[in-house]
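In this chain, residues are counted from 1 in sequence order.
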Amino acid sequence: MANASGFFSPSVPSVSRRIKPLIGTTGSAFSFSEGISKRVFCSSSIEGSEKLSTSQSRIPRIISKGCKLVGSGSAAPTLQISNDDLAKMVDTSDEWISVRTGIRNRRVLTGKESLISLATEAARKALQMAEVDPDDVDLVLMCTSTPEDLFGSAPQIQKGLGCKKNPLAYDITAACSGFMLGLVSAACHIRGGGFQNVLVIGADALSRHVDWTDRGTCILFGDAAGAVLVQACDTEDDGLFSFDLHSDGDGRRHLNAGIKENEVDHTVGSNGSVSDFPPRHASYSCIQMNGKEVFRFAVRCVPQSIESALSKAGLTGSSIDWLLLHQANQRILDAVATRLEVPPERVLSNLANYGNTSAASIPLALDEAVRSGKVKPGHTIAAAGFGAGLTWGSAVLRWG
């Protein structure tokens with residue numbers, strides 16, 4: 001198992017300004033208590049550095065930037081597939097699906113649409129809300145497990161936005177946890193790399209990898225894109241307070257879409273041996289999921305991760321404004337909220353209308369909540385993603 005956790009901010013949310021977070025460093029994240037200088041000095045500990053002069057090996061690096069979420073956007077395909085539509089294809093019903101998952105509809109890409117176009121639209125809306133020009137974007141992070149190019153889709157989004165300065169753009173693959181990893185990555189680029197404006201996009205088209213004759217999986221997934229703009233700011237305005245990230249490869253057997261074993265032409269080589277070359281084109285299997293085990297994993301690990309992140313931020317579940325979870329199953333949302341003692345009215349959910357949209361689900365739900373007026377500037381959110389890998393992670397953040 002691998003994990004990373006840490007503190008980010010010199011400040012704490014408005015609901016808890018009397019609580020002083022601990023001083024500490026973990027991984028690449030930082031925390032400060034009140035009255036402590038907001039400059040953190042990091043020095044090298046590379047083997048052999050003692051042979052170098054002080055100026056060469058121990059030059060302090062000043063970490064003096066915070067980051068905040070200043071814009072959001074989302075996009076979904078036009079085609080809507082209802083539970084009744086699925087009932088015509090597999091042995092199921094609207095009641096069976098909605099009772100077990102909370103899902104009633106999902107959106108699915110058609111041949112006239114693309115994931116890149118959805119991601120570009122979501123990103124453009126986030127920039128418009130933030131009032132930031134595409135030419136001022138320093139980095140585009142495309143969080144997806146279903147890119148439309150084997151080598152990644154992020155550069156195509158950069159192109160679609162019309163970013164003339166050729167900012168860095170790359171993909172992050174972590175399934176339903178991808179957006180959370182994107183947020184932490186954006187913060188690290190801003191704090192450690194001097195970036196000013198980072199677009200974090202969560203977008204997936206899992207409908208392309210679903211067996212539509214499998215009742216256990218086809219009812220769950222939909223396609224969408226969501227985006228946020230993370231912007232550098234002064235440390236006192238920092239809006240990303242803490243994080244907690246994990247992975248466990250042993251859990252892959254419960255949720256995966258692995259590459260199929262290569263079928264090869266078994267021809268006899270010139271030396272009489274059997275040759276497995278050249279292999280045929282590789283392809284991936286449809287999504288394979290053990291629903292019961294994934295449910296157990298989520299209701300056990302996700303609350304622990306959120307509690308860890310809240311503790312680092314000096315908060316409790318009762319003091320946050322909103323709980324925002326990956327939209328996988330309403331029963332998971334309810335179980336996690338109960339564990340954290342967060343009342344249902346403070347849980348953000350749009351699962352019924354979109355299903356599980358993987359990396360898109362958190363920014364999609366956030367954007368709808370912001371645009372509807374639910375989430376307001378200054379509100380504190382505990383967010384968590386979880387899914388294939390297995391991966392899971394949480395962060396405590398402030399909107400605006």
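- Looking at Gln327, its side chain does come within 3.5 Å of a backbone N or O of Leu348 through a donor-acceptor pair.
- The hydrophobic cluster containing Val184 also contains Phe195, counting ILVMFWY residues as joined when their side-chain heavy atoms lie under 4.5 angstrom apart, directly or transitively.
- Here the side chains of Val228 and Leu183 are in contact, with some heavy-atom distance below 4.5 Å.
- Looking only at side-chain heavy atoms (C-beta outward), Ile103 and Ser98 stay at 4.5 Å or farther from each other.
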Indicate every side-chain donor-acceptor pair of residues 165-176 with a distance under 3.5 Å to a residue at least two apart or in another chain.
residue	atom	partner	partner atom	Å
Tyr170	OH	His189	NE2	2.9
Asp171	OD1	Ser153	N	3.1
Asp171	OD1	Ala154	N	2.8
Asp171	OD2	Ser153	N	2.9
Thr173	OG1	Thr144	O	3.4

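- Aromatic rings from His246 and Trp392 are positioned such that their centres are separated by under 6.0 Å.
- Taking CZ of Arg371 as the reference point, atom OG of Ser74 lies at 6.5 Å (rounded to 0.5 Å).
- Ring orientation note: the planes of Phe297 and Phe386 are nearly perpendicular, at an angle over 60° on the 30°/60° scale.
- Under a hydrophobic clustering in which Ile, Leu, Val, Met, Phe, Trp and Tyr are joined whenever their side-chain heavy atoms come within less than 4.5 Å, directly or via other members, Leu364 and Leu351 fall into different clusters.
- Of the listed residues (Ile320, Thr316, Thr380), just one forms a side chain to side chain contact (heavy atoms under 4.5 Å, CB included) with Leu310, and that residue is Ile320.
- Separating the CG atom in Leu79 from the OG atom in Ser207 is a distance of 9.0 Å, to the nearest 0.5 Å.
- In this structure, the separation between NZ on Lys312 and CZ on Phe241 is 15.0 Å, given to the nearest 0.5 Å.
- Distance check: Arg398 CZ to Asp237 CG gives 7.0 Å after rounding to the nearest 0.5 Å.
- One finds the OG atom of Ser247 at 14.0 Å from the CZ atom of Arg252 (value rounded to the nearest 0.5 Å).
- The existence of a salt bridge linking Arg296 and Glu293 is confirmed by a sub-4.0 Å separation between a basic side-chain nitrogen and an acidic carboxylate oxygen.
- Under the side chain to side chain contact (heavy atoms under 4.5 Å, CB included) rule, Arg106 has a single partner from Leu86, Asp85, Asn353, which is Leu86.
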Open item on the list: Please evaluate residues Asn197 and Gln231 with respect to the criterion side chain to side chain donor-acceptor pair (under 3.5 Å), reporting the C-alpha separation (whole Å), side-chain torsions for both, the decisive distance (0.1 Å), and the verdict.
Closed with: CA-CA 5 Å; Asn197 293 297; Gln231 189 173 73; 2.8 Å; yes
